[in-house]
Asks: 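One structure is given below, represented as structure tokens, and several questions about it will come after.
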Amino acid sequence: ERRVYVFKKGSSAGRKEMKALLGGKGANLCEMAHLGLNVPPGFTITTKVCQAFYEAGGKLPAGVWEDVLAAVKEVEEAYGAKFADPADPLLFSVRSGAAVSMPGMMDTVLNLGLNDEVVEGLAKKRGERFAFDCYRRLLDMFGDVVLNIEHEKFEEQIHAVKEENGLKLDVELTGTHLREVVRRFKGVYEKEGKSLPNDPYEQMRLAINAVFGSWNTPRAVKYREINRIRGLLGTAVNVQSMVYGNLNDNSGTGVCFTRNPATGEKKLYGEYLQNAQGEDVVAGIRTPKDVSHMAENFAQAYEDLVANTTLLEKHMRDMQDCEFTVQDGVLFMLQTRNGKRTGPAALQVAVDMEGEGMVSKSEAVLMVEPRHLDQLLHPMFEGTGKSEYKTSVLGKGLPASPGAAVGRIVFTADEAEKWHAEGEKVILLRVETSPEDVGGMHAAEGILTARGGMTSHAAVVARGWGKPCVCGLDVLEVDYSAKTASLKGTLLREGDWLSLNGSTGEVLKGKQPVKAPELSGKLAVFMEWVDSFRKIGVYTNADTPADAAIARKNGAQGIGLVRTEHMFFATAERIAAVRRMIAAEELMEEGTSAADALASLKEFQREDFEGIFTAMDGLPVTIRLLDPPLHEFLPHEGTAELDALCDTLAKEMSGRSGQHMNAVRILKNKIHGLQEANPMLGLRGCRLGIRHPDITEMQAKAILEAAVNVSKKGIKPSPHIMVPLVGFEEELSHQIKVIRKAAEDVFKAAGATVDYKVGTMIEVPRGALRAGDLAHHAEFFSFGTNDLTQMTCGFSRDDAEAKFLPLYQREGILPADPFEELDTTGVGELIKIAVQRGREARPGLHLGICGEHGGDPKSIEFVSTLVDYVSCSPLRVPIARLAAAQAAI
Ligand code: ADP
Ligand code: MG
Ligand code: MG
């Protein structure tokens, strides 16, 4: 088995399809070499070696080093110079690269192979300034990445040398200055009791180990956690011969995208720096130039860059993000990958590439990720053309990642995480960001930086997440110690509200109003393609006619869940009626009747259902009967609010019984009696309907009267009445009897009938196991995956998140929060059993999912072969449509 893959212009055994083994960077370096592009020769050590490295307790497995030495020989031949040869030294970079790109997560060491002797050789051949510029970079990076010496310590020294010589920029340092920098850097090593190995091969060995070691640094682990990246073997290591953008002014380094990653516009987009190396472009040390000016400095290299990137885009059939270096006018390609992009860009690129004939419709559908669509459906600022908006603009930076962000200012990533945990919306304001900040960046609504270009760390990371970001606002002066910033005379303090428009780069004072986006134009076209591939339906969870209407506009094909209790909470008048109903129920044996309270509730419900049926004309509306325990409708025990409520209710009731004090006492006792130790496993769902059949009857009548009423107006209602929390066949048949009787009464009274269906939720594990029995009675099933997850895992939905789920994920016990992403092996297995048994008992049984999972792309993929539809919140409907289509392609 090959553990090291060599690549050189025109040949490589590696290919772009081998990302799992070679990492994204390695696989594409091999591919570019194979295509004949000018790639500096090098080799990739596989991710399997990384895995073996950890299994061996942090050591290179036997034999790998010999493979590396053989590969070095091959590279030396291709390059025409020798590693560690002072006369004409070949130097290497050691670069990490996992299967999934993780910007800035793992570090690169450049110019490996220099020591005091080799550097003099290099100086003789290529000049002193250049040689010592490489050497000081090696000392810095090797110290930082391999030996854990803080980069800051080197920065201080170089800063001091510049200051002493009255210089501002690194490029102004002469050979003599750089010799001095190198001397001081060695002093830093000495102070730390460390040293750069003199033997270039030892440098290489340590650097390779460090890259493998970086796979499990806290920041790499955190990035994978946030982005749900899992199942990877590790990182590959790329060892590549160096080319030099810092050789002279006819050299440089840059990054580019084949299309604009913020908007999708088809135009080479990027930045470069003359006489610079590696991360100088993204580090924001000097301000880079726009790639469109490159022809002025390097005409041939620019022409080649255009040709190469065009070829790569066609070959990869996706927008590319490339890194390149120009050495003495000659272009070298150092990296290519599918570019991260914003939602608007993803849509534009997919639709354009289909139009250009570069991809098919199904491929275009796969190019837009659900989270991209999520961004497109996110709010934008309102009235951007109006003067109120314009006068609120405090300044304008680079539009690094679009969207509207409104939050309170914090100055550190830690504060951002802390405030966010306390429920605050925050804007993270930094001079610049670094990989240590990712946790806080993720917690923030938006990110604002004073320094850095469109490819700076903040910009790249924010775009990846679709988080609004404005960067490079250089008039912003930040004072971290005072926790303030000043922006053209406006003082910004920690906790002040600030608004960011990532689409324009504008920074606005205060809380600017935002508005919802629309499904129109190219998005509408794209969604048509999506629906042409989709095999399952997408319904929505909606409790009001307004929500139903939004969902329908977003493409919902029905309602999968109306939570009737939400209707009860809607107004003070309604909640009062519910409380009267509860009181009356509980006073029933004392001779009063619940009929009045129920009657007024029925009025409210009927009205609501009429509205919902009208909004969903012709489409199924699945209505769940009352589900939560009754005490959820009452104030907490021992509160003055409860005393007042009992008093009022007793007054109303005692109008009949004439015994006020007695009634209050009875009420309080009864309400006390409603308390349960485990309400989620208590008197709720169908148990409530069995204890109080008149509630079920009232709800069934409200639903069917509404259906009859609207059908008289020419609307086609399709009520699906759903009994919750069923575990036993007998529970279901009890409730169905009540519902059918209510239907008979309604139809007789109205002299008209409507079609309706009765079904059940599958959310108790017993119900899933006995699905065959339930299907004898139920005309449809809807999997309530929230409760099903809670009861199958035995995790309280209300506490698990706070108490142990994050710990479980950190410890690798669970891959994800099972309330967000369906536990396919456990809960999923129960769903499979229920689907199979249910359909066996009743062929054609209609099946859906209505938990939170109905809007989660990974969960949708899993259930897409099992059920007829998923149901999710109105705003997630387009995302569910896309996820369902992608699952079907
Ligand atoms: P990252 O994954 O953080 O982008 P890379 O491995 O791509 O790290 O390295 C960062 C930068 O270092 C590259 O963009 C490139 O500018 C520079 N670099 C890496 N290898 C070489 C090389 N062999 N010759 C010249 N520059 C290199
Ligand atoms: Mg980097
Ligand atoms: Mg790179």
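Only heavy atoms go into these numbers, but all of them, side chains included; no hydrogens, no water, no symmetry mates. Because the structure is predicted, anything quoted here is derived from the model rather than measured. For ligands, and for the atoms within them, numbers begin at 1 and follow the listed sequence.
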Asks: Would you say that Ile45 contacts Phe212 through its side chain, given a criterion of any heavy-atom pair below 4.5 Å between the two side chains?
Replies: yes
Asks: Would Arg337 count as a polar contact of ligand 1, with the cut-off being nitrogen or oxygen pairs under 3.5 Å?
Replies: no
Asks: Can you find a non-hydrogen atom of Gln277 under 4.0 Å from ligand 1?
Replies: no
Asks: How does Pro40 reach ligand 1, if at all, at less than 4.0 Å between non-hydrogen atoms: by side chain, backbone, both, or neither?
Replies: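 The answer is neither; Pro40 stays 4.0 Å or more away.
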Asks: Heavy atoms only: which of His457, Arg95, Gln327, Glu323 is nearest to atom 4 (O) of ligand 1?
Replies: Glu323
Asks: Taking Ser96's backbone N and O only, do any of them form a donor-acceptor pair with Thr235's side chain (distance below 3.5 Å, no angle check)?
Replies: no
Asks: Give the atom numbers and elements of ligand 1 that come within less than 4.0 Å of a heavy atom of Gln240.
Replies: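 Result: 23 (N).
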Asks: If the cut-off is 4.0 Å to any non-hydrogen atom of Thr253, which atoms of ligand 1 fall inside it?
Replies: 16 (O)
Asks: Does ligand 1 come near enough to Thr325 that some N or O of the ligand is less than 3.5 Å from an N or O of the residue?
Replies: no
Asks: Determine, for Glu202 against Arg205, whether the closest basic-nitrogen to carboxylate-oxygen distance falls under 4.0 angstrom.
Replies: yes
Asks: Indicate yes or no: does Arg3 engage Glu66 in a salt bridge with an N to O separation below 4.0 Å.
Replies: no
Asks: For the Mg ion (ligand 3), decide whether Gln335 has an N, O or S atom at a distance under 2.8 Å.
Replies: yes
Asks: Tell me, which pairs form a ring pair (Phe, Tyr, Trp, His ring centres under 6.0 Å) where one or both residues lie in residues 111-140, sequence neighbours left out?
Replies: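 The answer is Phe130-Tyr244.
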Asks: Mind checking whether Ser241 has a heavy atom under 4.0 Å from ligand 1?
Replies: yes
Asks: Give a yes or no on whether a salt bridge exists between Glu313 and Arg259, defined as a side-chain N under 4.0 angstrom from a carboxylate O.
Replies: yes
Asks: Using salt bridge (Lys or Arg N to Asp or Glu O under 4.0 Å) as the criterion, point out the one residue from Arg341, Arg337, Lys16 that pairs with Asp318.
Replies: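 Of Arg341, Arg337, Lys16, salt bridge (Lys or Arg N to Asp or Glu O under 4.0 Å) with Asp318 is met by Arg341 alone.
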Asks: List ligand 1 atoms under 4.0 Å from Leu334, heavy atoms only on the residue side.
Replies: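 Matching atoms, with element in brackets: 15 (C), 22 (C), 24 (N), 25 (C), 26 (N), 27 (C).
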Asks: Is there a donor-acceptor contact under 3.5 Å linking the side chains of His34 and Ser12?
Replies: no
Asks: N/O of Leu110 under 3.5 Å from N/O of ligand 1, yes or no?
Replies: no
Asks: Kindly confirm or rule out an N or O of Ser96 lying under 3.5 angstrom from an N or O of ligand 1.
Replies: no
Asks: Quick one: look at Thr108 and ligand 1, take heavy-atom pairs under 4.0 Å, and tell me if it's side chain, backbone, both or neither.
Replies: side chain
Asks: Sequence neighbours left out, cut at 3.5 Å: what donor-acceptor pairs do the side chains of residues 76-91 make with other protein atoms?
Replies:
| residue | atom | partner | partner atom | Å |
| --- | --- | --- | --- | --- |
| Glu76 | OE2 | Phe83 | N | 2.9 |
| Tyr79 | OH | Met242 | O | 2.9 |
| Asp85 | OD1 | Ala87 | N | 3.0 |

